[in-house]
Amino acid sequence: MSQLSEVAANPYAAELAAAKKAVVLAARLCQIVQQGILQSDVQSKADRTPVTVADYGSQVLVSLVLKKELPSHSFSMVAEEDSKDLRKDGAQEVLEHITSLVNETIANDGSYNMSLSKEDVLAAIDGGKSEGGPSGRHWILDPIDGTKGFIRGDQYAVALGLLDEGKVVLGVLGCPNLPLKSTNKHNGGYGSSRDQVGSLFFATIGCGTEVEALEGSDPQKISVCSINNPVDASFFESFEASHSKRDLTSSIAEKLGVQAPPVRMDSQAKYGALARGDGAIFLRIPHKGYIETVWDHVAGSIVVTEAGGMVKDASGNDLDFSKGRYLDRDRGIIATNKYLMPVVLKALQEAMKEEQ
Ligand SMILES: Nc1ncnc2c1ncn2[C@@H]1O[C@H](COP(=O)(O)OS(=O)(=O)O)[C@@H](OP(=O)(O)O)[C@H]1O
Ligand SMILES: [Mg+2]
Ligand SMILES: [Mg+2]
Ligand SMILES: [Mg+2]
């Protein structure tokens, strides 16, 4: 297909290319910081500074790349981090660290001949202050999703999505520690890249979901599994027990007759893994009173829906990302295929009723 016809087929082709570039560069910075954390001693693992540096650095790079690659677009971004703490007395050293890390990443990449000042870094972070909402276009960013996994050396994701008139139209999920090879035979075996680690999932509305190596490779179309009997299904849940109620997920699994133990994984990497059929169901049921933020689900949800899956709240409604920085929805999120959704939803509703 020529480049012109590709643009015609995907009205968000330019935005997708910019988003992929932004996520790849941000993921590189995160990888360098994570390697540093893992090489350091136990004491500094408990220190949150390294992950903080990576969170901010990732947000700076995404904001910068999107603006550079899409200069004629108006820019609005809803992102997790802000510069408030970095502007406080005593934060100078951390800010200097972020600035040099960002500048090193830009220099190593070689795409942009520029160097950011500390003020530029603060301004780029605050580029993520938008309130989002139902009109216009808004980028939605989680610069590191799964920060606890990041510190442990496990899964995390750089998650970037685009909202257009309240609808998610594009999502990119960079998962530096997720193997490229699917554990599902149907989608697996990506030629010579079999043992490669680092997956980049991307989806645009109406165009399906693809995955390629974070370091670059031919993209592969992926799809959710076609399991229709829950007995054969496996399910994903949060690695962190405090993030999703395990008594409820295990009661749902029991009602469904799911045999396999849950696969516990940090971050939106779960949505990516589900989108290529590594598992059949993703259940997330936070404790009462927890309000979900949009950046924890925008990119992951379109990666799953464009791979043929469904993402619903506990009432069976689609997630509504048009309400601002928070997800206004019933507690609980289910992602699975169209065959399993009705039965999982029923089991979730029963389990939640029994909990009361
Ligand atoms: N108490 C509580 N309940 C529910 N969710 C919470 C809670 N605390 C945090 N968070 C959010 O969870 C995000 C991480 O997502 P996961 O739960 O999928 O991953 S993990 O297993 O916790 O790593 C995590 O995203 P990051 O902050 O980007 O890591 C949080 O936004
Ligand atoms: Mg998050
Ligand atoms: Mg985060
Ligand atoms: Mg956080």
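Just so it is clear, the values below take in all heavy atoms, side chains as well, and ignore hydrogens, waters and symmetry mates. Everything quoted here is computed from the prediction, not taken from an experiment. Residues: numbered from 1 along the sequence shown.
The cluster map of Ile, Leu, Val, Met, Phe, Trp and Tyr, joined by side-chain heavy atoms under 4.5 Å apart, puts Ile291 and Leu248 in different clusters. There is no path of hydrophobic side-chain contacts, each under 4.5 Å, that joins Val298 to Met310. Following chains of ILVMFWY side-chain contacts shorter than 4.5 Å, one cannot reach Met341 starting from Val311, and the two form parts of different hydrophobic clusters. Residues Val263 and Leu180 share a hydrophobic cluster, clusters being chains of Ile/Leu/Val/Met/Phe/Trp/Tyr side chains in contact below 4.5 Å. Under the 4.5 Å side-chain heavy-atom criterion for grouping Ile, Leu, Val, Met, Phe, Trp and Tyr, Phe239 is not connected to Met265 through any hydrophobic cluster.
Residues Val78 and Thr293 have side chains not in contact (no heavy-atom distance under 4.5 Å, counting atoms from C-beta outward). Within the 4.5 Å cutoff, side-chain heavy atoms of Lys245 are placed close to those of His287. Residues Asp164 and Tyr12 have side chains in contact (heavy-atom distance under 4.5 Å, counting atoms from C-beta outward). A heavy-atom distance below 4.5 Å is found between the side chains of Leu70 and Trp139. Ile227 has its side chain out of reach of Tyr339: every pair of non-hydrogen atoms, C-beta onward, lies at least 4.5 Å apart.
Summarising the geometry, atom CD1 belonging to Ile285 is positioned 5.0 Å from atom CG belonging to Leu348; distances are rounded to the nearest 0.5 Å. Here NZ of Lys338 is found 9.5 Å from OG of Ser226. Values are rounded to the nearest 0.5 Å. Interatomic distance, CG of Leu160 versus CG of Leu141, reported as 5.5 Å (0.5 Å rounding). Taking OG from Ser135 and CD from Glu165, the interatomic distance works out to 6.0 Å, rounded to the nearest 0.5 Å. Interatomic distance, Ile334 CD1 to Gln349 CD, rounded to the nearest 0.5 Å: 7.5 Å. For the atom pair CG of Leu66 and CE of Met77, the computed distance is 7.0 Å after rounding to the nearest 0.5 Å.
Remark: the Glu237 side chain and the Ser244 side chain contain no N/O donor-acceptor pair separated by less than 3.5 Å. Remark: the Ser250 side chain and the Arg246 side chain contain no N/O donor-acceptor pair separated by less than 3.5 Å. In the model, Tyr271 has a side-chain atom that pairs as donor or acceptor with a side-chain atom of His297 under 3.5 Å.
The two residues Val94 and Leu86 come nearest to each other via the heavy atoms CG1-CD2, 4.0 Å. Taking both residues in full, the closest heavy atoms of Pro11 and Ala9 are given as CD-O, 3.6 Å, listed atom of the first, atom of the second, then distance. For the residue pair Gly316 and Leu345, the shortest heavy atom distance occurs at CA-CD2, 3.5 Å. Nearest heavy atoms, Ile333 versus Leu327: CD1-CD1, 4.3 Å. For Ile32 against Leu101, the heavy-atom pair with the smallest separation is CG2-CD1, 4.4 Å. Taking each heavy atom of Pro286 and Glu292 in turn, the nearest pair found is CG-OE2, 3.2 Å.
Every residue meeting the salt bridge (charged side-chain N to carboxylate O under 4.0 Å, His left out) condition with Lys88, not counting sequence neighbours, appears here in chain and number order: Asp85. For Lys118, the salt bridge (charged side-chain N to carboxylate O under 4.0 Å, His left out) partners are Glu96, not counting sequence neighbours. Qualifying salt bridge (charged side-chain N to carboxylate O under 4.0 Å, His left out) partners for Asp82, counting only residues two or more places apart in sequence or in other chains: none.
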Using a 3.5 Å cut-off and no angle test, enumerate the donor-acceptor pairs between side-chain atoms of residues 53-65 and protein atoms at least two apart in sequence or in another chain.
from  : atom 1 : to     : atom 2 : distance (Å)
Ser58 : OG     : Pro143 : O      : 2.8
Gln59 : OE1    : Glu81  : N      : 3.0
Gln59 : NE2    : Glu81  : O      : 2.8
Gln59 : NE2    : Ile125 : O      : 3.0
Ser63 : OG     : Ala124 : O      : 3.2

Which pairs of donor and acceptor atoms, one on a side chain in residues 14-30, lie under 3.5 Å apart (sequence neighbours left out)?
from  : atom 1 : to     : atom 2 : distance (Å)
Glu15 : OE2    : Arg137 : NH1    : 2.6
Lys20 : NZ     : Glu212 : OE1    : 3.3
Lys21 : NZ     : Ser111 : OG     : 3.0
Arg28 : NH1    : Asp109 : OD1    : 3.0

Below 3.5 Å, can you tabulate the donor-acceptor pairs from side chains in residues 251-258 to any protein atom, sequence neighbours excluded?
from   : atom 1 : to     : atom 2 : distance (Å)
Lys255 : NZ     : Glu354 : OE1    : 3.2
Lys255 : NZ     : Glu354 : OE2    : 2.7

Can you list the steps and then say if Met114 with Lys68 is a side-chain contact (heavy atoms from CB on, under 4.5 Å)? CA-CA 11 Å; Met114 63 187 299; Lys68 282 264 171 211; 3.4 Å; yes
What do the steps show when you test Arg284 against His243 for side-chain contact (heavy atoms from CB on, under 4.5 Å), and what is the final call? CA-CA 8 Å; Arg284 178 172 164 95; His243 289 184; 4.2 Å; yes
Between Ile106 and Leu116, is the side-chain contact (heavy atoms from CB on, under 4.5 Å) condition met? List the steps. CA-CA 9 Å; Ile106 294 170; Leu116 272 64; 3.9 Å; yes
Step by step, work out the side chain to side chain donor-acceptor pair (under 3.5 Å) result for Asn103 and Ser100. CA-CA 5 Å; Asn103 284 329; Ser100 59; over 6 Å; no
Determine whether Phe236 and Leu274 satisfy the following criterion, side-chain contact (heavy atoms from CB on, under 4.5 Å), listing intermediate values before the conclusion. CA-CA 8 Å; Phe236 291 109; Leu274 185 95; 4.1 Å; yes
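Arg331 contributes no side-chain N or O that, together with a main-chain N or O of Tyr290, makes up a donor-acceptor pair within less than 3.5 Å. The backbone N or O of Ser117 lies less than 3.5 Å from no partner atom in the side chain of Thr99, so there is not a single donor-acceptor pair. Judged by distance alone, the side chain of Ser182 and the main-chain N or O of Asp278 form no donor-acceptor pair under 3.5 Å. For Gln268 (side chain) and Ala157 (main-chain N/O), no donor-acceptor pair under 3.5 Å exists by modelled atom type. Formation of a donor-acceptor pair under 3.5 Å by the Gln155 side chain with backbone atoms of Asn177 is found in this model. In terms of modelled atom types and a separation under 3.5 Å, the side chain of Ser199 and the main chain of Leu178 share a donor-acceptor contact. Listed for the Arg325 side chain is a donor-acceptor partner under 3.5 Å among the backbone atoms of Ala79. Put simply, the side chain of Glu306 never gets that close to the backbone of Thr209: no donor and acceptor are under 3.5 Å apart. The main-chain N or O of Glu240 is never found under 3.5 Å from a side-chain atom of Ser238 such that the two would form a donor-acceptor pair. Judged by distance alone, with hydrogens and angles left aside, the side-chain atoms of Asn337 form a donor-acceptor pair with the main-chain N or O of Cys225 at under 3.5 Å.
Heavy-atom contacts from other residues, nucleotides or ligands closer than 6.0 Å to CG of Asp247 number more than 12. By the 6.0 Å contact criterion, NZ on Lys353 is open, its count of non-hydrogen atoms from other residues, nucleotides or ligands being 12 or less. Sparse packing is recorded around OH of Tyr326, with 12 or fewer heavy atoms of other residues, nucleotides or ligands lying under 6.0 Å away.
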